[in-house]
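Below is one structure; the comments refer to it alone.
Every chain is numbered from 1 and lettered A, B, ... according to where its sequence line falls, protein lines coming before strand lines.
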Number of protein chains: 2
Amino acid sequence: MNYASFYSEYFPFWDQLSEEDKTYLCNHSTTVYFDKEQAVHNNNECSGLFIVKNGRLRLYMLSDEGKEITLYRLSAGDICMLSASCVLQSITFDVYVDAEEPSECYMIEGCAFNTLSEKIPAVKIYALETAVSRFSDVMWVMQQIMFMSMDKRLAIFLLDESVSIGNPMITLTHEQIARHLGTAREVVSRLLKHFASDGILEVSRKGIVILDSKKLRSIAS
Amino acid sequence: MNYASFYSEYFPFWDQLSEEDKTYLCNHSTTVYFDKEQAVHNNNECSGLFIVKNGRLRLYMLSDEGKEITLYRLSAGDICMLSASCVLQSITFDVYVDAEEPSECYMIEGCAFNTLSEKIPAVKIYALETAVSRFSDVMWVMQQIMFMSMDKRLAIFLLDESVSIGNPMITLTHEQIARHLGTAREVVSRLLKHFASDGILEVSRKGIVILDSKKLRSIAS
(Lines give C-alpha, C1' and ligand atoms only; values in the text may rest on other atoms or scores of the structure.)
Protein backbone atom coordinates (compact mmCIF):
# COMPACT_ATOMS: atom_id res chain seq x y z
CA MET A 1 0.00 0.00 0.00
CA ASN A 2 1.30 3.45 -0.89
CA TYR A 3 0.36 5.35 2.28
CA ALA A 4 2.39 8.39 1.28
CA SER A 5 0.20 9.25 -1.70
CA PHE A 6 -2.93 8.95 0.44
CA TYR A 7 -1.50 10.89 3.39
CA SER A 8 -0.26 13.71 1.15
CA GLU A 9 -3.89 14.39 0.22
CA TYR A 10 -5.31 13.58 3.63
CA PHE A 11 -3.16 15.33 6.24
CA PRO A 12 -3.03 19.15 6.13
CA PHE A 13 0.40 19.03 7.85
CA TRP A 14 2.01 16.64 5.32
CA ASP A 15 4.07 19.32 3.54
CA GLN A 16 5.60 20.36 6.85
CA LEU A 17 7.12 16.92 7.45
CA SER A 18 10.67 16.08 6.44
CA GLU A 19 11.17 13.16 4.04
CA GLU A 20 12.43 11.18 7.01
CA ASP A 21 9.29 11.92 9.06
CA LYS A 22 7.05 10.99 6.12
CA THR A 23 8.79 7.64 5.81
CA TYR A 24 8.56 7.14 9.58
CA LEU A 25 4.79 7.67 9.56
CA CYS A 26 4.29 5.33 6.58
CA ASN A 27 6.46 2.65 8.19
CA HIS A 28 4.22 2.75 11.26
CA SER A 29 1.02 2.40 9.22
CA THR A 30 -0.85 -0.81 8.46
CA THR A 31 -4.10 -1.68 6.76
CA VAL A 32 -6.56 -3.41 9.05
CA TYR A 33 -9.90 -5.09 8.35
CA PHE A 34 -12.75 -5.44 10.80
CA ASP A 35 -15.77 -7.70 10.57
CA LYS A 36 -19.21 -6.37 11.32
CA GLU A 37 -19.51 -5.82 15.11
CA GLN A 38 -15.83 -6.54 15.71
CA ALA A 39 -14.20 -4.45 18.43
CA VAL A 40 -11.75 -1.84 17.11
CA HIS A 41 -10.82 -0.26 20.43
CA ASN A 42 -12.08 -1.38 23.79
CA ASN A 43 -10.61 0.56 26.65
CA ASN A 44 -8.45 3.54 27.39
CA GLU A 45 -5.24 1.97 26.16
CA CYS A 46 -3.72 3.38 23.01
CA SER A 47 -4.95 1.44 19.97
CA GLY A 48 -3.63 3.98 17.51
CA LEU A 49 -5.36 6.22 14.97
CA PHE A 50 -7.78 4.80 12.43
CA ILE A 51 -8.61 6.38 9.10
CA VAL A 52 -11.74 4.79 7.67
CA LYS A 53 -11.32 3.77 4.02
CA ASN A 54 -14.54 1.77 3.70
CA GLY A 55 -17.27 0.80 6.10
CA ARG A 56 -18.38 2.46 9.29
CA LEU A 57 -17.12 2.63 12.88
CA ARG A 58 -19.16 3.55 15.92
CA LEU A 59 -17.71 5.27 18.97
CA TYR A 60 -19.61 4.82 22.23
CA MET A 61 -19.48 4.92 25.99
CA LEU A 62 -20.23 1.83 28.05
CA SER A 63 -21.43 1.63 31.65
CA ASP A 64 -20.43 -1.02 34.17
CA GLU A 65 -23.86 -2.58 33.62
CA GLY A 66 -23.34 -2.82 29.86
CA LYS A 67 -25.52 0.16 28.94
CA GLU A 68 -24.27 1.95 25.80
CA ILE A 69 -24.60 5.37 24.30
CA THR A 70 -23.44 6.12 20.77
CA LEU A 71 -21.39 9.33 20.60
CA TYR A 72 -20.78 9.43 16.86
CA ARG A 73 -20.07 7.35 13.78
CA LEU A 74 -17.06 7.47 11.46
CA SER A 75 -17.48 6.88 7.73
CA ALA A 76 -15.07 6.73 4.80
CA GLY A 77 -12.60 9.60 5.08
CA ASP A 78 -13.10 10.14 8.82
CA ILE A 79 -10.31 9.74 11.34
CA CYS A 80 -10.68 8.19 14.78
CA MET A 81 -8.42 10.16 17.11
CA LEU A 82 -9.88 9.34 20.54
CA SER A 83 -8.61 5.75 20.28
CA ALA A 84 -5.05 7.14 20.33
CA SER A 85 -4.95 8.03 24.00
CA CYS A 86 -1.16 8.40 24.03
CA VAL A 87 -1.53 11.29 21.56
CA LEU A 88 -4.33 12.97 23.51
CA GLN A 89 -3.15 12.64 27.07
CA SER A 90 -5.71 15.06 28.44
CA ILE A 91 -8.52 12.73 27.33
CA THR A 92 -9.13 10.71 30.47
CA PHE A 93 -12.42 9.01 29.70
CA ASP A 94 -12.92 5.57 28.20
CA VAL A 95 -14.45 5.18 24.78
CA TYR A 96 -15.19 2.04 22.85
CA VAL A 97 -15.10 1.66 19.09
CA ASP A 98 -16.77 -1.12 17.08
CA ALA A 99 -17.14 -1.72 13.36
CA GLU A 100 -20.80 -1.30 12.42
CA GLU A 101 -20.14 -2.72 8.97
CA PRO A 102 -17.22 -4.67 7.51
CA SER A 103 -14.57 -1.93 7.50
CA GLU A 104 -11.16 -1.28 6.02
CA CYS A 105 -8.97 1.20 7.90
CA TYR A 106 -5.47 2.57 7.81
CA MET A 107 -4.04 2.31 11.29
CA ILE A 108 -1.20 4.54 12.48
CA GLU A 109 0.57 3.48 15.67
CA GLY A 110 -0.25 5.91 18.44
CA CYS A 111 3.28 6.27 19.76
CA ALA A 112 4.67 6.97 16.27
CA PHE A 113 2.08 9.68 15.68
CA ASN A 114 2.77 11.04 19.14
CA THR A 115 6.51 11.25 18.46
CA LEU A 116 5.81 13.42 15.42
CA SER A 117 3.23 15.51 17.24
CA GLU A 118 5.75 16.33 19.99
CA LYS A 119 8.26 17.40 17.36
CA ILE A 120 6.08 19.25 14.86
CA PRO A 121 3.47 21.70 16.22
CA ALA A 122 1.29 21.40 13.08
CA VAL A 123 0.81 17.68 13.79
CA LYS A 124 -0.16 18.33 17.38
CA ILE A 125 -2.55 21.10 16.32
CA TYR A 126 -4.17 18.72 13.82
CA ALA A 127 -4.68 16.04 16.51
CA LEU A 128 -6.13 18.49 19.02
CA GLU A 129 -8.39 20.20 16.48
CA THR A 130 -9.77 16.84 15.40
CA ALA A 131 -10.56 16.01 19.03
CA VAL A 132 -12.12 19.43 19.71
CA SER A 133 -14.38 19.18 16.68
CA ARG A 134 -15.67 15.83 18.03
CA PHE A 135 -16.35 17.60 21.32
CA SER A 136 -19.13 19.46 19.49
CA ASP A 137 -20.64 16.19 18.22
CA VAL A 138 -20.68 14.80 21.74
CA MET A 139 -22.31 17.96 23.10
CA TRP A 140 -25.04 17.57 20.51
CA VAL A 141 -25.69 14.02 21.77
CA MET A 142 -25.71 15.32 25.33
CA GLN A 143 -28.18 18.05 24.45
CA GLN A 144 -30.45 15.47 22.87
CA ILE A 145 -30.28 13.24 25.94
CA MET A 146 -30.87 16.04 28.41
CA PHE A 147 -33.31 18.22 26.65
CA MET A 148 -35.19 16.22 24.05
CA SER A 149 -38.07 13.82 24.38
CA MET A 150 -37.40 10.29 23.20
CA ASP A 151 -39.79 10.57 20.22
CA LYS A 152 -37.79 13.52 18.91
CA ARG A 153 -34.50 11.67 19.45
CA LEU A 154 -35.86 8.57 17.66
CA ALA A 155 -37.08 10.68 14.73
CA ILE A 156 -33.64 12.33 14.41
CA PHE A 157 -31.94 8.95 14.63
CA LEU A 158 -34.12 7.39 11.90
CA LEU A 159 -33.63 10.35 9.55
CA ASP A 160 -29.84 10.38 10.12
CA GLU A 161 -29.64 6.63 9.64
CA SER A 162 -31.68 6.74 6.43
CA VAL A 163 -29.47 9.51 5.01
CA SER A 164 -26.32 7.70 6.13
CA ILE A 165 -27.22 4.43 4.38
CA GLY A 166 -28.94 6.19 1.46
CA ASN A 167 -32.08 4.11 1.82
CA PRO A 168 -35.51 4.72 3.41
CA MET A 169 -35.43 1.10 4.66
CA ILE A 170 -33.61 0.74 7.98
CA THR A 171 -32.68 -2.84 8.88
CA LEU A 172 -31.53 -2.27 12.46
CA THR A 173 -33.42 -4.19 15.14
CA HIS A 174 -35.36 -2.37 17.86
CA GLU A 175 -32.74 -3.63 20.30
CA GLN A 176 -29.93 -2.05 18.25
CA ILE A 177 -31.74 1.28 18.00
CA ALA A 178 -32.39 1.21 21.75
CA ARG A 179 -28.68 0.72 22.40
CA HIS A 180 -27.81 3.69 20.19
CA LEU A 181 -30.19 5.88 22.14
CA GLY A 182 -29.33 4.45 25.55
CA THR A 183 -32.90 3.39 26.27
CA ALA A 184 -34.92 0.17 26.57
CA ARG A 185 -36.09 -1.88 23.58
CA GLU A 186 -39.69 -1.57 24.79
CA VAL A 187 -39.53 2.22 24.57
CA VAL A 188 -38.32 2.07 20.95
CA SER A 189 -40.93 -0.52 19.96
CA ARG A 190 -43.72 1.52 21.53
CA LEU A 191 -42.64 4.72 19.77
CA LEU A 192 -42.23 2.96 16.41
CA LYS A 193 -45.75 1.53 16.77
CA HIS A 194 -46.96 5.04 17.51
CA PHE A 195 -45.18 6.45 14.43
CA ALA A 196 -46.58 3.58 12.32
CA SER A 197 -50.14 4.30 13.43
CA ASP A 198 -49.62 7.89 12.26
CA GLY A 199 -48.60 6.60 8.82
CA ILE A 200 -45.05 7.93 9.24
CA LEU A 201 -43.38 4.56 8.79
CA GLU A 202 -44.01 0.87 8.36
CA VAL A 203 -42.54 -1.72 10.70
CA SER A 204 -42.09 -5.24 9.40
CA ARG A 205 -39.76 -8.17 9.99
CA LYS A 206 -37.47 -6.87 7.25
CA GLY A 207 -37.03 -3.52 8.94
CA ILE A 208 -38.42 -0.02 9.22
CA VAL A 209 -39.48 1.86 6.09
CA ILE A 210 -39.93 5.62 6.29
CA LEU A 211 -43.14 6.47 4.43
CA ASP A 212 -43.62 10.13 5.34
CA SER A 213 -40.24 11.75 5.87
CA LYS A 214 -41.80 15.22 5.99
CA LYS A 215 -43.87 14.26 9.04
CA LEU A 216 -40.84 12.57 10.61
CA ARG A 217 -38.80 15.73 10.09
CA SER A 218 -41.48 17.83 11.77
CA ILE A 219 -41.18 15.61 14.87
CA ALA A 220 -37.40 15.89 14.70
CA SER A 221 -37.28 19.68 14.45
CA MET B 1 -2.66 45.95 37.00
CA ASN B 2 0.59 44.31 36.00
CA TYR B 3 -0.73 41.52 33.77
CA ALA B 4 2.73 40.66 32.46
CA SER B 5 4.00 39.41 35.82
CA PHE B 6 0.89 37.27 36.29
CA TYR B 7 0.92 35.91 32.74
CA SER B 8 4.61 35.03 32.91
CA GLU B 9 3.75 32.59 35.70
CA TYR B 10 0.42 31.50 34.27
CA PHE B 11 0.91 30.82 30.57
CA PRO B 12 3.30 27.99 29.62
CA PHE B 13 3.89 29.69 26.24
CA TRP B 14 4.87 33.11 27.68
CA ASP B 15 8.60 32.71 27.05
CA GLN B 16 7.93 32.02 23.39
CA LEU B 17 6.28 35.41 22.84
CA SER B 18 8.21 38.40 21.57
CA GLU B 19 8.23 41.53 23.75
CA GLU B 20 5.83 43.07 21.26
CA ASP B 21 3.41 40.12 21.53
CA LYS B 22 3.57 40.23 25.32
CA THR B 23 2.65 43.91 25.31
CA TYR B 24 -0.12 43.24 22.79
CA LEU B 25 -1.69 40.60 25.05
CA CYS B 26 -1.47 42.81 28.13
CA ASN B 27 -2.97 45.77 26.25
CA HIS B 28 -5.97 43.61 25.37
CA SER B 29 -6.50 42.49 28.96
CA THR B 30 -8.87 44.01 31.48
CA THR B 31 -9.96 43.16 34.99
CA VAL B 32 -13.67 42.48 35.28
CA TYR B 33 -15.91 41.95 38.29
CA PHE B 34 -19.09 39.93 38.37
CA ASP B 35 -21.81 39.93 41.00
CA LYS B 36 -23.22 36.67 42.28
CA GLU B 37 -25.43 35.15 39.54
CA GLN B 38 -24.36 37.73 36.96
CA ALA B 39 -24.04 36.40 33.40
CA VAL B 40 -20.43 36.19 32.19
CA HIS B 41 -21.11 34.71 28.77
CA ASN B 42 -24.52 34.02 27.37
CA ASN B 43 -24.44 32.67 23.85
CA ASN B 44 -22.03 31.48 21.20
CA GLU B 45 -20.58 34.93 20.51
CA CYS B 46 -17.00 35.52 21.51
CA SER B 47 -16.86 37.01 25.00
CA GLY B 48 -13.14 36.46 25.36
CA LEU B 49 -11.10 34.35 27.76
CA PHE B 50 -11.55 34.63 31.50
CA ILE B 51 -8.94 33.73 34.09
CA VAL B 52 -10.59 33.45 37.50
CA LYS B 53 -8.67 35.38 40.17
CA ASN B 54 -11.28 35.09 42.93
CA GLY B 55 -14.75 33.63 43.12
CA ARG B 56 -16.32 30.91 41.06
CA LEU B 57 -17.84 30.62 37.59
CA ARG B 58 -20.23 27.95 36.39
CA LEU B 59 -20.39 26.74 32.80
CA TYR B 60 -23.67 25.16 31.71
CA MET B 61 -25.92 24.22 28.83
CA LEU B 62 -29.41 25.64 28.53
CA SER B 63 -32.40 24.19 26.69
CA ASP B 64 -35.06 26.19 24.87
CA GLU B 65 -37.36 25.47 27.82
CA GLY B 66 -34.87 26.90 30.33
CA LYS B 67 -33.63 23.55 31.64
CA GLU B 68 -29.98 23.71 32.71
CA ILE B 69 -27.17 21.25 33.20
CA THR B 70 -23.92 22.24 34.85
CA LEU B 71 -20.87 21.05 32.89
CA TYR B 72 -18.15 22.27 35.24
CA ARG B 73 -17.10 25.05 37.57
CA LEU B 74 -14.05 27.31 37.39
CA SER B 75 -12.27 28.43 40.54
CA ALA B 76 -9.29 30.69 41.23
CA GLY B 77 -6.53 29.89 38.75
CA ASP B 78 -8.81 28.26 36.18
CA ILE B 79 -9.23 29.61 32.67
CA CYS B 80 -12.48 29.72 30.74
CA MET B 81 -11.64 28.99 27.12
CA LEU B 82 -15.02 27.91 25.70
CA SER B 83 -16.34 31.47 25.98
CA ALA B 84 -13.76 32.51 23.37
CA SER B 85 -15.49 31.00 20.36
CA CYS B 86 -13.37 32.94 17.89
CA VAL B 87 -10.30 31.11 19.21
CA LEU B 88 -11.94 27.68 19.12
CA GLN B 89 -13.78 27.75 15.84
CA SER B 90 -14.52 24.04 15.84
CA ILE B 91 -16.61 24.44 19.00
CA THR B 92 -20.09 24.86 17.59
CA PHE B 93 -22.27 24.39 20.65
CA ASP B 94 -23.62 27.09 22.92
CA VAL B 95 -22.48 27.31 26.49
CA TYR B 96 -23.49 29.76 29.17
CA VAL B 97 -21.30 31.03 31.97
CA ASP B 98 -22.53 32.68 35.20
CA ALA B 99 -20.74 33.83 38.31
CA GLU B 100 -21.74 31.58 41.21
CA GLU B 101 -20.07 33.91 43.67
CA PRO B 102 -18.83 37.49 43.41
CA SER B 103 -15.87 36.97 41.08
CA GLU B 104 -12.83 38.85 39.85
CA CYS B 105 -11.44 37.79 36.49
CA TYR B 106 -8.80 38.84 34.01
CA MET B 107 -10.41 39.03 30.61
CA ILE B 108 -8.40 38.72 27.39
CA GLU B 109 -10.13 39.81 24.21
CA GLY B 110 -10.87 36.76 22.07
CA CYS B 111 -9.70 38.26 18.79
CA ALA B 112 -6.39 39.41 20.33
CA PHE B 113 -5.72 35.95 21.71
CA ASN B 114 -6.74 34.46 18.38
CA THR B 115 -4.30 36.68 16.49
CA LEU B 116 -1.45 35.35 18.63
CA SER B 117 -2.67 31.76 18.39
CA GLU B 118 -2.63 31.96 14.59
CA LYS B 119 0.92 33.28 14.67
CA ILE B 120 2.47 31.18 17.43
CA PRO B 121 1.75 27.42 17.46
CA ALA B 122 2.44 27.12 21.20
CA VAL B 123 -0.45 29.52 21.92
CA LYS B 124 -2.82 27.55 19.71
CA ILE B 125 -1.73 24.28 21.30
CA TYR B 126 -2.38 25.76 24.75
CA ALA B 127 -5.90 26.85 23.76
CA LEU B 128 -6.75 23.49 22.20
CA GLU B 129 -5.29 21.47 25.07
CA THR B 130 -7.30 23.49 27.57
CA ALA B 131 -10.47 22.76 25.60
CA VAL B 132 -9.65 19.05 25.22
CA SER B 133 -9.03 18.64 28.95
CA ARG B 134 -12.52 20.11 29.57
CA PHE B 135 -13.88 17.54 27.15
CA SER B 136 -13.01 14.92 29.78
CA ASP B 137 -14.93 16.84 32.47
CA VAL B 138 -17.97 17.00 30.25
CA MET B 139 -17.79 13.29 29.47
CA TRP B 140 -17.75 12.62 33.19
CA VAL B 141 -20.99 14.61 33.56
CA MET B 142 -22.46 12.72 30.62
CA GLN B 143 -21.52 9.38 32.15
CA GLN B 144 -23.19 10.40 35.39
CA ILE B 145 -26.37 11.43 33.58
CA MET B 146 -26.54 8.34 31.44
CA PHE B 147 -25.34 5.64 33.71
CA MET B 148 -25.85 6.69 37.30
CA SER B 149 -28.89 6.73 39.47
CA MET B 150 -29.90 10.13 40.82
CA ASP B 151 -29.04 9.22 44.44
CA LYS B 152 -25.46 8.50 43.38
CA ARG B 153 -25.28 11.74 41.39
CA LEU B 154 -26.67 13.73 44.32
CA ALA B 155 -24.16 12.13 46.71
CA ILE B 156 -21.28 13.01 44.37
CA PHE B 157 -22.58 16.55 43.98
CA LEU B 158 -22.87 17.10 47.76
CA LEU B 159 -19.38 15.73 48.40
CA ASP B 160 -17.84 17.84 45.61
CA GLU B 161 -19.67 20.93 46.78
CA SER B 162 -18.59 20.42 50.38
CA VAL B 163 -14.94 20.01 49.34
CA SER B 164 -15.16 22.99 46.99
CA ILE B 165 -16.47 25.37 49.68
CA GLY B 166 -14.41 23.71 52.44
CA ASN B 167 -17.44 23.33 54.70
CA PRO B 168 -19.79 20.42 55.56
CA MET B 169 -22.70 22.93 55.50
CA ILE B 170 -24.09 23.47 52.00
CA THR B 171 -26.32 26.51 51.67
CA LEU B 172 -27.67 25.88 48.16
CA THR B 173 -31.45 25.54 47.87
CA HIS B 174 -33.04 22.31 46.64
CA GLU B 175 -34.03 24.23 43.52
CA GLN B 176 -30.39 25.22 42.83
CA ILE B 177 -29.17 21.66 43.33
CA ALA B 178 -31.89 20.40 41.01
CA ARG B 179 -30.75 22.82 38.32
CA HIS B 180 -27.16 21.62 38.63
CA LEU B 181 -28.28 18.04 38.14
CA GLY B 182 -30.84 18.80 35.46
CA THR B 183 -33.71 17.32 37.44
CA ALA B 184 -36.83 18.48 39.32
CA ARG B 185 -36.73 20.07 42.78
CA GLU B 186 -39.10 17.40 44.08
CA VAL B 187 -36.63 14.66 43.17
CA VAL B 188 -33.83 16.39 45.10
CA SER B 189 -36.05 17.06 48.14
CA ARG B 190 -37.20 13.44 48.24
CA LEU B 191 -33.64 12.09 48.03
CA LEU B 192 -32.37 14.52 50.69
CA LYS B 193 -35.20 13.41 53.00
CA HIS B 194 -34.18 9.82 52.34
CA PHE B 195 -30.49 10.59 53.11
CA ALA B 196 -31.57 12.45 56.29
CA SER B 197 -33.62 9.50 57.51
CA ASP B 198 -30.47 7.36 57.14
CA GLY B 199 -28.57 9.84 59.33
CA ILE B 200 -26.28 10.83 56.46
CA LEU B 201 -27.17 14.51 56.59
CA GLU B 202 -29.39 17.05 58.25
CA VAL B 203 -31.68 19.31 56.26
CA SER B 204 -32.72 22.59 57.83
CA ARG B 205 -33.71 26.07 56.70
CA LYS B 206 -30.07 27.12 56.92
CA GLY B 207 -28.93 24.43 54.54
CA ILE B 208 -27.73 20.86 54.31
CA VAL B 209 -25.15 19.59 56.80
CA ILE B 210 -23.26 16.40 55.98
CA LEU B 211 -23.15 14.28 59.16
CA ASP B 212 -21.80 10.99 57.85
CA SER B 213 -19.48 11.66 54.93
CA LYS B 214 -18.26 8.04 54.94
CA LYS B 215 -21.79 6.78 54.27
CA LEU B 216 -22.30 9.46 51.63
CA ARG B 217 -19.06 8.43 49.91
CA SER B 218 -20.20 4.81 49.85
CA ILE B 219 -23.34 5.89 47.94
CA ALA B 220 -21.19 7.97 45.61
CA SER B 221 -18.71 5.25 44.78
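Residues from residues 175-195 of chain A that place a non-hydrogen atom less than 4.5 Å from a non-hydrogen atom of chain B comprise Gly182(A), given in numerical order. Within residues 130-138 of chain B, the residues having any heavy atom closer than 4.5 Å to a heavy atom of chain A are Ala131(B), Val132(B), Ser133(B), Arg134(B), Phe135(B), Ser136(B), Val138(B), listed by residue number.
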Could you list the donor-acceptor pairs under 3.5 angstrom formed between side-chain atoms of residues 214-221 of chain B and any protein atom two or more places apart in sequence or on another chain?
unit_1, atom_1, unit_2, atom_2, d
Lys215(B), NZ, Asp198(B), O, 3.2
Ser218(B), OG, Lys215(B), O, 2.8
Ser221(B), OG, Arg217(B), O, 3.2

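Heavy atoms of Leu71(B) lying under 4.5 Å from chain A belong exclusively to its side chain.
Here Met107(B) pairs with Thr30(B), Val32(B), Phe50(B) under the side chain to side chain contact (heavy atoms under 4.5 Å, CB included) rule; sequence neighbours left out.
We find the NZ-NZ distance between Lys124(B) and Lys124(A) to be 15.0 Å, quoted to the nearest 0.5 Å. Between Ile69(A) atom CD1 and Gln143(B) atom CD the span is 11.5 Å, to the nearest 0.5 Å.
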